[in-house]
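Some notes on the structure that comes next.
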Amino acid sequence: MIRRYDFGQPIQTGAIANPVPACTDEMPRFTVTRSGESITYTVRLGEDDLIFGLGENVRGINKRGHIYRAWNSDDFSHTENKSSLYASHNLVLFSGATGVFGAYFDDPGEVFFDLGYTSGDTASITSVNGNLTVYVLEGDTLIGLVKEFRHLIGQSYVPPKWGLGYIQSRWGYSSDEELRKVVREHRDRRIPLDMMSMDIDYMEAYKDFTWNHNNFPDLPGLIAELKADHIRVVPIIDAGIKEEVGDPAYDEGVEKDYFCKKADGELFVGAVWPGRAVFPDFLKEDVRKWFGGLYRPLLEAGVEAFWNDMNEPALFYSTEGLEEAFRKADALRGQNLDIHTAFALKDAFNNMANSMDDYRRFYHEVDGKLVRHDKVHNLYGAMMTKASAQGMKDFAPEKRHLLFSRASFVGAHRDGGVWQGDNSSWWGHILMNLKQMPSLNMVGFLYAGADLGGFSCNTTEDLLQRWLQLGVFTPLMRNHSADGTRVQEIYRFRNWEAMRDTLTVRYALIPYLYSEVMKAAVKNDMMFRPLAFDYPRDDEACRTEDQILLGDGCMIAPVYEQNARGRHVYLPEDMLLVRFRTWADYDLVPMKKGHHWVKLAMNEFPLFIRRGHVIPLARTAQYVEAIDASQLTLLGWLDKGTAITLYDDDGVSAQFDLNAGLTVIDVQVRDGKAAAKAEGRTVDASRIVIG
Ligand code: MIG
C-alpha cells in the first residue's frame, strides 16, 4: 500500500514512473513538524528496530545510528564520518515490533536522515526546503515494500549481456598503443576481458566529445580493431563543458542558451578538468535532447558504452570562489598570522571545492521558472544520465545501451547503472562495496559495481585478489584506479594466474547472473538482499552485515581482511558451500545451518547455495559473446527433485519478453542420483550433491 502526501510546491524530479493520487488525510506512522521552510518527519524507534535504505552511502546495511544527508557529493575519501556520497536515494524502510513500513522522500534538494543519531530512539527526516512529496509504504514484508516502491519508480535499466563482462580501466591510459598493449596482455595470458574504459586522458584538453588526435590518430579504426578482438571501449564524459570559443559544444550551447546562469544573467563558470567550464542545464528537455545528440559522433565512430562522471556536479572552484580566496589571502599578506588565522587562510583555498556558496550561485529553468541550483542539486547527475540514455537510444533504438554514471537520483535507475565512485584501496572498502549492493537494489540500481582493487591509494596484490572475488558477483565488474597510484591490472602481479582463475568463474556464472539481473528488473525484485529480508525472524541473520543473498538461491560472503585464510560465516539455513578455485575446480561441502569457520586460501572464494536449489555453470570463455549457455553444469544440494528457471535472450535487443526467454531446468532425484533436463540445452546433473 502506497500513499502519497504533497508538501509545499513539490518539484517534478522524474523519480516516479507510475504516479498515485495524493492523499489529504493525516500521514500515517510519521509525526510532521515544521520550522521555517523545513519540514521534519519523526518516527519513534523500538529498541531493536532495523532501518534499511538510502542506496549508495557509507556505513551499514542497517542504517540505524548515524546521520545521513541527501546531497550528491564528489568525495574521494569514503570514510565512516561522511554522511553522503555521489547519490541521493531517499528511501528508508523500518522493520520492528510494529511491523514493516517505509517512506520515500521525493525531494531534489537537501534532506537529512537522522536515524537514531541525535537520539537513539528517534528517527527524524528533515527536508530543508519543505517542497516535496512523501510516499508512505506499508505492507507485510520488507521485500514487499521494495517491490511496491520499485513499481512506483518504474522498471530498472537493463544492460546488454556483454555489459556483464570484465572491464579493465585506469585513469591515465592515454594512447591507442597503451590500450592495445593492455588488451594484448590480457588476451595473451587468457585473462577474460570484454571492455577497456577510456578516462579523461583520451580527450583533447579534457574537452567532452573530442579526442586527442595525436595519441589516437584513428579512433574509429582502433575501435573497429578492438571490436574484432571482442573488446569494446567505454569512453568517459564529464558534466562540464570547457569555456572555449571555437569548441562546438561550447559555441552551440552559448548560442542556444543551454548553460546554467547566475542571478545577473551571466554564465556560471566553474573549474573542472578542462579548467574554466560551463554547465548544461540538464533539467531542461531541449538541453537534454541537445546534449544527448553530442554523443553521436562517438557512437558513429563505433562506441557502444559510456560512463558519465563529475555530474554531482563536482566543482573544483568557481570564478567567485577563487576571487574570494585571493581576497582573503591578500588581506593577510605581510601580517604575522596567529595559528587560527593561518588555518583559516588554508581553509579559504581548501574549501573552494564543491562549496555550498557556489551551488547557490547558479540557476536552472524548471517549467519556465528559475530555480536556484541548491534546491534541485540532487537531480543534476540523473538528468545528465537521462540525456545520454536518450542520445544512445535515438542513435540505435533497437539496441540496449551500456551506460553508468557517478551521480544519481532515483529515476536514473531507468536510464543506466552506477559505479560506486572513488573508493580507496582499503580492505574496509570491499565490505562497503558489498553493503551498498542490496541498498542500491532497493532503489532500482541493478547494474552497479565498485572500482575493484580500489581507486585511490596503492593497491596490494592480495587486496585486488580478494576484491575480484566479490566482483565476480556484481553486474558491473570493473578494475579501475587513479592516476599516480600503483598499477593494478591483473597481469602486473606475481599471482596473476589465480586472479585469472577467479575471472573464469565470473564468465561461467554469467548465464546465471544475467538471468538474475533480467528477472530482478522485470519483476521489480532485488538481485542482492540483506539476510534480514529473507530471514526476518532470525535475529542473527537480521544483524549480519558481511554476507548478502544473491538471487533466489545463493548467498555470498567475501573475505575482506588482509592475511585472512578464511572467514566466519553464519548460515541461516542449510547450504552447500562451493569453494571456487577456477570455473572447473571447486569443492562442494554441504553445511548445516549455524556458525562456521570456512577456510579460504588466497585463490579460493565461496558461493553458498541454499539447500534445495541449484544454479547453472557454463563453460568459461574469454568474452561474453563466446559463452555457450546451451551446455550447463548444475551445482546444488538436493534430497528431492526441483526446478529452476533460467532467462536468456540475444543480450542486445531493447525489446525483450521475460516469459519468452525462460527455460525450465527440471531436476529429478532417483536412487541417490540426480538427472536434469531443459529444452534446447544439455544439462549435467552429476555434480549435484544428494542427501
Ligand atoms: O576528479 O576522470 O570518479 O573514476 O578516474 C577525478 C578522472 C575525476 C573521478 C572518477 C574517476 C575518474 C576520475 N574522475
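When a ligand or atom number is given, it counts from 1 through the structure's own listing order. Values below: every heavy atom of this structure, side chains too, minus hydrogens, waters and symmetry copies. The first residue of the sequence shown is numbered 1, and numbering continues consecutively from there.
- Between E489 and R170 there is no salt bridge, since none of the side-chain N atoms of the basic residue sits less than 4.0 Å from a carboxylate O of the acidic one.
- The aromatic rings of F209 and Y295 sit perpendicular to each other, their planes meeting at more than 60°, with 30° as the lower class boundary.
- Proximity of a side-chain donor or acceptor of S77 to a complementary backbone N or O of T79 within less than 3.5 Å is not detected.
- The existence of a salt bridge linking R478 and D451 is confirmed by a sub-4.0 Å separation between a basic side-chain nitrogen and an acidic carboxylate oxygen.
- One finds the CH2 atom of W426 at 12.5 Å from the CZ atom of F455 (value rounded to the nearest 0.5 Å).
- Among protein residues, W171, D199, I200, I236, W273, W307, D309, M310, F316, R406, W419, D422, F455, H480 come within 4.0 Å of ligand 1, judged on heavy atoms.
- Applying side chain to side chain donor-acceptor pair (under 3.5 Å) to W467 and the options T459, N423, T502, N433 leaves one that passes, N433.
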